[in-house]
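Here is the structure we will look at, set down as structure tokens.
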Amino acid sequence: MFFGFDDDYLQQWQKLSFSGKEHLTFHVRKELEGKMFLKGWDDLSQYILPFTDIIISDRFINDISVRDQNLLEFICFLDRQTPVSYNLLIITQKGDKDFLNEFEKYLTDKIKENKLKAKLGIVLTRREHDRCILMNYLKIESGDSFNYFNRDGRIITNGTELKLFPLCSPDNFYDTRVKLSVLKNIAENEKEDIRGNLNNRLFRYCDD
């Protein structure tokens, strides 16, 4: 739902819709550096729309270099954008038999250590699923990698761009709903490799 008042509804709509753009593109290679070059997660601050729920879907988010230098930093960045608690669901590829315990402990410890407001859920799967980050009003696609930065904050990705799609666009919304349907099916059918809070309200977008 969108709420506005007589004196600000147009400005609020422009923010929600990225002023009518279908998407925004941030370049993430040095040779492509320009006006919309991603130097750090804080560059996205003005484009992160209000949220109560997040789903991060990435088969390789459990790689140690991605996890430590990118996933954690990105979650901390998002946490700074909201004053309220939120549901955070991570869907990723299965590892060895100890991986789920280690991954859950790592994230739980970091959430406590950084005093984050996230209510964590984890789903492991062997099924194919798209790499994307979904929120109430926003879809983020990170190309062929989420491994953007090293521990010094230097760009190391082989990818080229990160795209943000506002969900007030019908095309963006229906594409997101297709992705959510796949992810919802995975979350509902993985019986053993799940942990924590799976009550993510984004799945309601799949309801008729």
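Atoms considered below: every heavy atom in the structure, side chains included; atoms not considered: hydrogens, waters and symmetry mates.
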Practice item. Evaluate side-chain contact (heavy atoms from CB on, under 4.5 Å) for Y205 paired with Y174, printing each intermediate quantity in order. Key: CA-CA 9 Å; Y205 289 169; Y174 289 121; over 6 Å; no
Practice item. For residues L16 and C168, report the shortest heavy-atom separation together with the two atoms involved. Key: O-SG, 3.6 Å
Check your understanding: Looking at K115 and D79, what are the two nearest heavy atoms and their distance?
Key -> O-OD2, 4.4 Å
Practice item. Measure the spacing between CD1 of I111 and CG of L88 and express it to the nearest 0.5 Å. Key: 6.0 Å
Review point. Can you check side chain to side chain donor-acceptor pair (under 3.5 Å) on S19 and Q14, steps first, answer last?
Key: CA-CA 4 Å; S19 297; Q14 288 176 334; 5.1 Å; no
**Study point:** Under-4.0 Å salt bridge between D175 and K139
**Key:** yes
Review point. Passes side-chain contact (heavy atoms from CB on, under 4.5 Å), K105 versus E102? Steps please.
Key: CA-CA 5 Å; K105 185 179 187 309; E102 293 169 354; 5.9 Å; no
Check your understanding: Considering only heavy atoms from C-beta outward, does the side chain of L164 approach that of F26 to under 4.5 Å?
Key -> yes
Check your understanding: Aromatic rings Y86 and F51: how do their planes relate, parallel, tilted or perpendicular, breaks at 30° and 60°?
Key -> perpendicular
Study note, to complete from the structure: Partner of L134 under side-chain contact (heavy atoms from CB on, under 4.5 Å), picked from I54, L167, L202, is L202
Study note, to complete from the structure: When every non-hydrogen atom of D42 is compared with those of R80, the smallest separation belongs to OD1-NH2, 3.1 Å
Review point. Should F165 and L44 be counted in the same cluster of Ile, Leu, Val, Met, Phe, Trp and Tyr side chains packed under 4.5 Å apart?
Key: no
Review point. Can you tell me how far CD of Q93 sits from CZ of F99, rounded to the nearest 0.5 angstrom?
Key: 9.5 Å
Review point. So how far is it from L89 CG to D53 CG, rounded to the nearest 0.5 Å?
Key: 9.5 Å
**Study point:** Enclosure of E192 CD (heavy-atom neighbours >12, cutoff 6.0 Å)
**Key:** no
Check your understanding: To the nearest 0.5 Å, how far apart are OG1 in T25 and CD in E161?
Key -> 5.0 Å
Review point. Are N189 and R127 close enough, and set up right, to give a side chain to side chain donor-acceptor pair (under 3.5 Å), and what steps lead you there?
Key: CA-CA 11 Å; N189 286 281; R127 290 179 54 182; over 6 Å; no
**Study point:** Close side-chain approach of L100 and R195, heavy atoms under 4.5 Å
**Key:** yes
Exercise for review: Before giving the answer on side-chain contact (heavy atoms from CB on, under 4.5 Å), spell out for T52 and M135 the whole-Å C-alpha distance, their side-chain angles and the decisive distance to 0.1 Å.
Suggested key: CA-CA 8 Å; T52 60; M135 293 183 282; over 6 Å; no
**Study point:** F37 vs H27, ring pair (Phe, Tyr, Trp, His ring centres under 6.0 Å): CA-CA, chis, key distance, verdict
**Key:** CA-CA 5 Å; F37 179 72; H27 299 297; 8.2 Å; no
Practice item. Could you check N200 against N87 for side chain to side chain donor-acceptor pair (under 3.5 Å), going step by step and ending with a plain yes or no? Key: CA-CA 6 Å; N200 199 285; N87 299 311; 6.0 Å; no
Exercise for review: Can you see which heavy atom on P50 is nearest to which on N136, and at what distance?
Suggested key: O-CB, 4.0 Å
**Study point:** Heavy atoms of other groups near K119 NZ, more than 12 under 6.0 Å
**Key:** no
**Study point:** From E104 atom CD to I90 atom CD1, the distance as rounded to the nearest 0.5 Å
**Key:** 11.0 Å
Exercise for review: Describe, in one word, how the ring planes of F74 and F77 are oriented to each other, choosing from parallel (under 30°), tilted (30 to 60°) and perpendicular (over 60°).
Suggested key: tilted
Exercise for review: Show your reasoning for whether side-chain contact (heavy atoms from CB on, under 4.5 Å) applies to E190 and K94.
Suggested key: CA-CA 11 Å; E190 291 291 347; K94 293 185 179 182; 3.5 Å; yes
Review point. What distance do E141 atom CD and N172 atom CG have between them, rounded to the nearest 0.5 Å?
Key: 9.0 Å
